[in-house]
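The chains referred to below are lettered A, B, ... by the order of the sequence lines, with proteins before strands, and numbering in each begins at 1. Atoms considered below: every heavy atom in the structure, side chains included; atoms not considered: hydrogens, waters and symmetry mates.
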Amino acid sequence: MNLFADIRALVVASLDQLAAEGVLPAGLSLDAVVVEPPRDPAHGDMATNAAMVLARPAGRPPREIAQALAGRLLADPRIALAEVAGPGFLNLRLAPAVWQGVVHAILTDPGFGRSTIGAGQRVNVEFVSANPTGPMHVGHARGAVFGDALASLLAHAGWDVTREYYVNDGGAQVDVLARSAYERYREACGEAPQIAEGLYPGDYLIEVGEALKAEYGDSLLGKGEDTWLAPIREFATARMMAMIRDDLASLGVKMDVYSSEKALYGSGRIEAALDRLRALGLVYEGVLEPPKGKTPEDWEPREQTLFRSTAHGDDVDRPVKKSDGSWTYFAPDIAYHWDKIARGFDQLIDIFGADHGGYVKRMKAAVAALSEGRVPLDIKLIQLVKLMKNGQPFKMSKRAGNFVTLREVVEQAGADVTRFVMLTRRNDMALEFDFDKVLEQTRDNPVFYVQYAHARVMSVLRRAAEAGIAADDATLAGADLARLSHDAELGLARRLAAWPREVEIAARGNEPHRIAFYLNDLASEFHALWNRGHDETGLRFVQEGDQATSQAKIALARATGVVISSALAILGVTPANEMR
RNA sequence: GGCCCCGUAGCUCAACUGGACAGAGCAGCCGCCUUCUAAGCGGCCGGUUGCAGGUUCGAAUCCUGCCGGGGUCGCCA
């Protein structure tokens, strides 16, 4: 059930009638007609721009069209008031029964808030994709939470979603990992480790060294890289991936698929992808111009293998091979995306750190070329997380290997709080994460505020039980909701009615933060009603001695709880039953 | 210098993807409150949406050019 879609359908049907009666010309496109909540509640419950967008093609003044439409709409019992306003808006006021019906729908329809706009299309959400060279840090946590919530959101809106992690285990950095682990292995064997400049100094490799000793004894001591590099690389990356999976699990993130970059090497798939592009005339040998403006010191013209990304909107063509003949990072990534296309996804989403912004155009160009424009790729960039403690920047020094890990954040703040806070900002805005503030129990902590609203709903149900009022869902579904007549109550119901629409807007834009903002608004509306009960006892949810009215009001509270819980589920946050 | 992102109330951020008078929360000011659930409630003040043009019925949103912040710029991933 989506009330806005229902009313839009009514508007469209009415316009069709007007066309049939000759009031409007036949065959007008109604695509641009929208029904949405006005910014200003004084303008009514819903507004449509129909008259304005049709004025020009119909050759009639907008207000005249609006007037005719109003007459039609008023014939429907759901429409209580239809007023022409401003340049030709038609403002609608809906009958209380409509809002009461929303409460009933929430209590009886488990699919309330779900949508079918995804139409079962298969979408692949690739996120985190951190190098398997160490534990994940806060930045990764934000990407993980965002990707996971986006995936849930899309699933909620009718997409068939795959969560995927691209393991960057093929480049030079995993060799560095192997060398670093080897030193820790030597250390475990009683030798003095030499963590040279450029190796990973973090303590997390100590246990890997010990595990290596347990596995290999001292058989690798004193041997050259050619004997130990490959096996230790395997060993260490496997350990790192196990650690990363644990980290993700601590945040409640579970991937459907892990894809290995390394597996692409030697499989012929990189070559195949590039051959495909070459056949399209998009791979060639050529010389790049130096970057405009700032030319690097050591720049020298050099012929190399290039992808013609400029054919699909990039600014320059991009190399796929390094000067030593090995692939650039881009080459296997092209093959990887081709693989995703080949697996039949209708739509791809990549979630990158903001420092990869320069990579976006070439990746989109590659996907456009390989899918011949059939598979859209949306790339969401995740901005930095600024860690704070008591309003002071929380310093981290990655170089020293003692950066703040995802694990530490989750241990201090908890998974629910971490997730919620990281979703209260748009992905392309920097996020401040203050360890103290996120745990505060005050109004300006959105996590607390929303959880408190849910806890109050549960409290109402407990109180009803104490008062001997039946308040199970079946009973509430049969409550006499016509008793919900106060504007404060109907206002809350209006907010609940907006939920399905909010899901669709958020899903269409790949913007899970909208869910967090909606939750804040809904909680605010609920708290406001609760607080009015202080002075106006008639607005309290439990009305001593009046079971029927109590049940209607409790149904409203319960419906609010259901929607909060459903929205929190998309964000991957557990609703609180009581505050401690 | 090229490209990408950001710039909105004193602060932190929204704005339904082009809709009406740009909204919340903090902070500030003025009242109220000692509780159906306690960590408060109501109201007021606060704006040239960085600047200047353009597109149109209508612009924070789209286009052009500037200003400021961040990121990035063949052989890192």
Side-chain angles (χ1 to χ4, degrees), chain A residues 4 32 34 36-40 42-43 47 49 52-53 55-56 62 85-89 91 129-131 133 168 170-174 261 287-296 298-302 304 306 314-326 328-330 332-333 353-361 381 383-384 424-426 428-430 432 440-446 448-449 452 455-456 458-460 462-463 466-467 498 501-502 504-506 508-509 511 513-514 517-518 520-521 524 527-528 530-535 537 539-544 578-579:
Chain A
F4 290 86
V34 297
E36 52 188 17
R39 280 179 207 248
D40 185 346
H43 290 143
N49 64 349
M52 285 184 295
V53 300
R56 191 195 298 257
F89 284 101
N91 292 333
S129 296
N131 297 333
T133 55
N168 294 149
Q173 80 286 347
V174 285
E261 175 194 359
V287 181
L288 278 183
E289 297 283 316
K292 286 203 164 71
K294 182 191 138 206
T295 304
D298 58 347
W299 180 271
E300 53 184 70
R302 179 180 291 148
Q304 50 193 344
L306 299 168
D314 203 356
D315 308 300
V316 292
D317 293 338
R318 305 292 178 174
V320 294
K321 268 187 182 177
K322 301 178 192 172
S323 54
D324 66 359
S326 65
T328 61
Y329 177 77
F330 189 32
D333 213 2
D355 55 339
H356 287 54
Y359 197 68
V360 169
K361 283 187 182 180
L381 297 178
Q383 268 292 351
L384 295 177
T424 53
R425 203 109 309 173
R426 247 168 49 199
D428 49 4
M429 299 286 281
E432 200 171 278
E440 269 177 17
Q441 301 213 330
T442 64
R443 167 70 186 91
D444 48 335
N445 179 356
F448 166 76
Y449 194 62
Y452 191 21
R456 277 181 158 171
M458 302 312 282
S459 165
V460 167
R462 288 191 293 266
R463 187 162 292 271
E466 287 165 15
R501 186 169 175 275
E502 209 67 44
E504 293 186 357
I505 293 166
R508 243 192 286 273
E511 297 173 328
H513 76 272
R514 287 178 183 277
F517 280 99
Y518 172 79
N520 200 56
D521 290 345
S524 173
H527 284 309
W530 179 286
N531 290 326
R532 286 187 69 163
H534 273 298
D535 303 327
T537 53
L539 285 178
R540 297 184 181 187
F541 292 102
V542 177
Q543 298 288 315
E544 301 288 343
E578 54 188 333
M579 305 311 287

(request) Give a yes or no on whether the backbone of A:Lys361 and the side-chain of A:Asp314 come within a donor-acceptor separation of less than 3.5 Å. (result)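 No.
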Using atom [atom1] of each nucleotide, how far apart are [N] and [M] to the nearest Å?
| N | M | atom1 | answer |
| --- | --- | --- | --- |
| B:rG46 | B:rG68 | P | 32 Å |
| B:rU49 | B:rU8 | C1' | 4 Å |
| B:rA15 | B:rC62 | P | 13 Å |
| B:rG42 | B:rA60 | C1' | 31 Å |
| B:rU61 | B:rC29 | P | 35 Å |
| B:rG23 | B:rC4 | C1' | 29 Å |
| B:rC67 | B:rA52 | C1' | 11 Å |
| B:rC73 | B:rG47 | P | 42 Å |

Atom-to-atom span, [atom1] of [X] to [atom2] of [N] - whole angstrom:
| X | N | atom1 | atom2 | value |
| --- | --- | --- | --- | --- |
| A:Asn168 | B:rA77 | CG | C1' | 6 Å |
| A:Phe89 | B:rG58 | CZ | C1' | 8 Å |
| A:Arg456 | B:rG40 | CZ | C1' | 9 Å |
| A:Leu288 | B:rC75 | CG | C1' | 12 Å |
| A:Asp317 | B:rG2 | CG | P | 20 Å |
| A:Tyr329 | B:rC73 | OH | C1' | 18 Å |
| A:Asp428 | B:rA14 | CG | P | 8 Å |
| A:Gln383 | B:rC5 | CD | P | 12 Å |

(message) Strictly below 4.0 Å, N to O, side chains only: are A:Glu504 and A:Arg508 in salt-bridge contact?
(response)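 Salt bridge between A:Glu504 and A:Arg508, a charged N being under 4.0 Å from a carboxylate O: yes.
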Measuring to OP1 and OP2 of [N], would you say a side-chain N or O of [X] lies under 4.0 angstrom away?
| X | N | value |
| --- | --- | --- |
| A:Arg532 | B:rG42 | no |
| A:His513 | B:rA15 | yes |
| A:Arg425 | B:rC13 | yes |
| A:Arg426 | B:rC5 | no |

(request) Check the pair A:Tyr449, A:His527 against side-chain contact (heavy atoms from CB on, under 4.5 Å), reporting the backbone distance first and the verdict last. (result) CA-CA 9 Å; A:Tyr449 194 62; A:His527 284 309; 3.3 Å; yes
Counting the atoms with a prime plus P, OP1 and OP2 as sugar-phosphate, which does [X] contact under 4.0 Å by heavy atoms, base, sugar-phosphate, or nothing?
| X | answer |
| --- | --- |
| A:Ala85 | base |
| A:Glu504 | nothing |
| A:Asp324 | nothing |
| A:Lys361 | sugar-phosphate |
| A:Met429 | sugar-phosphate |
| A:Gln441 | base |
| A:Glu466 | nothing |
| A:Gly86 | nothing |

(message) Counting only side-chain heavy atoms from C-beta out, which of B:rC36, B:rG19, B:rC16 sits nearest to A:Ile505?
(response)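 The answer is B:rC16, which lies nearest to the side chain.
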(request) Identify, between A:Gly171 and A:Ala528, the residue whose nearest nucleotide on RNA chain B lies closer to the 5' end. (result)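 Its nearest nucleotide being more 5', the pick is A:Ala528.
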(request) Tell me yes or no: between the side chains of A:Tyr518 and A:Arg514, is some donor less than 3.5 Å from an acceptor? (result)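 Absent: no donor and acceptor within the cut-off.
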(request) Determine whether A:Gln304 and A:Leu288 make a side-chain contact, defined as any pair of heavy atoms from C-beta on separated by less than 4.5 Å. (result)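 Contact flag for A:Gln304/A:Leu288 side chains = yes.
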With a 3.5 angstrom cut-off on both distances, give the Watson-Crick or G-U wobble partner of [N], or none if there isn't one.
| N | result |
| --- | --- |
| B:rG25 | B:rC11 |
| B:rA20 | none |
| B:rC32 | B:rG40 |

(message) Test of understanding: with ring pair (Phe, Tyr, Trp, His ring centres under 6.0 Å), list the residues that count as partners of A:Phe541, not counting sequence neighbours.
(response)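 A:Phe541 satisfies ring pair (Phe, Tyr, Trp, His ring centres under 6.0 Å) with A:Phe526 once adjacent residues are dropped.
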(request) Please work out whether B:rU17 sits syn or anti, treating a glycosidic angle within 90° of 0 as syn. (result)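 Here the answer is syn: the torsion falls within 90° of 0.
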(message) Would A:His356 count as stacking on B:rA77 if stacking means ring centres less than 5.5 angstrom apart and planes tilted under 30 degrees?
(response)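 Base of B:rA77: not stacked against A:His356.
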(message) For B:rA14, is there a stacking contact with A:Phe517, counting only centres under 5.5 Å and planes under 30°?
(response)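 Taking the rule of under 5.5 Å and under 30°, the ring of A:Phe517 does not stack on B:rA14.
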(message) Please determine whether any donor N or O and acceptor N or O are separated by less than 3.5 Å between the side chain of A:Asn91 and the base of B:rA20.
(response)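 Such a pair exists between side chain and base.
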(message) Looking at every non-hydrogen atom in both residues, tell me the closest pair between A:Ser459 and A:Trp530 and how far apart they are.
(response)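 Where A:Ser459 meets A:Trp530 most closely, the heavy atoms are OG-CH2, 4.4 Å.
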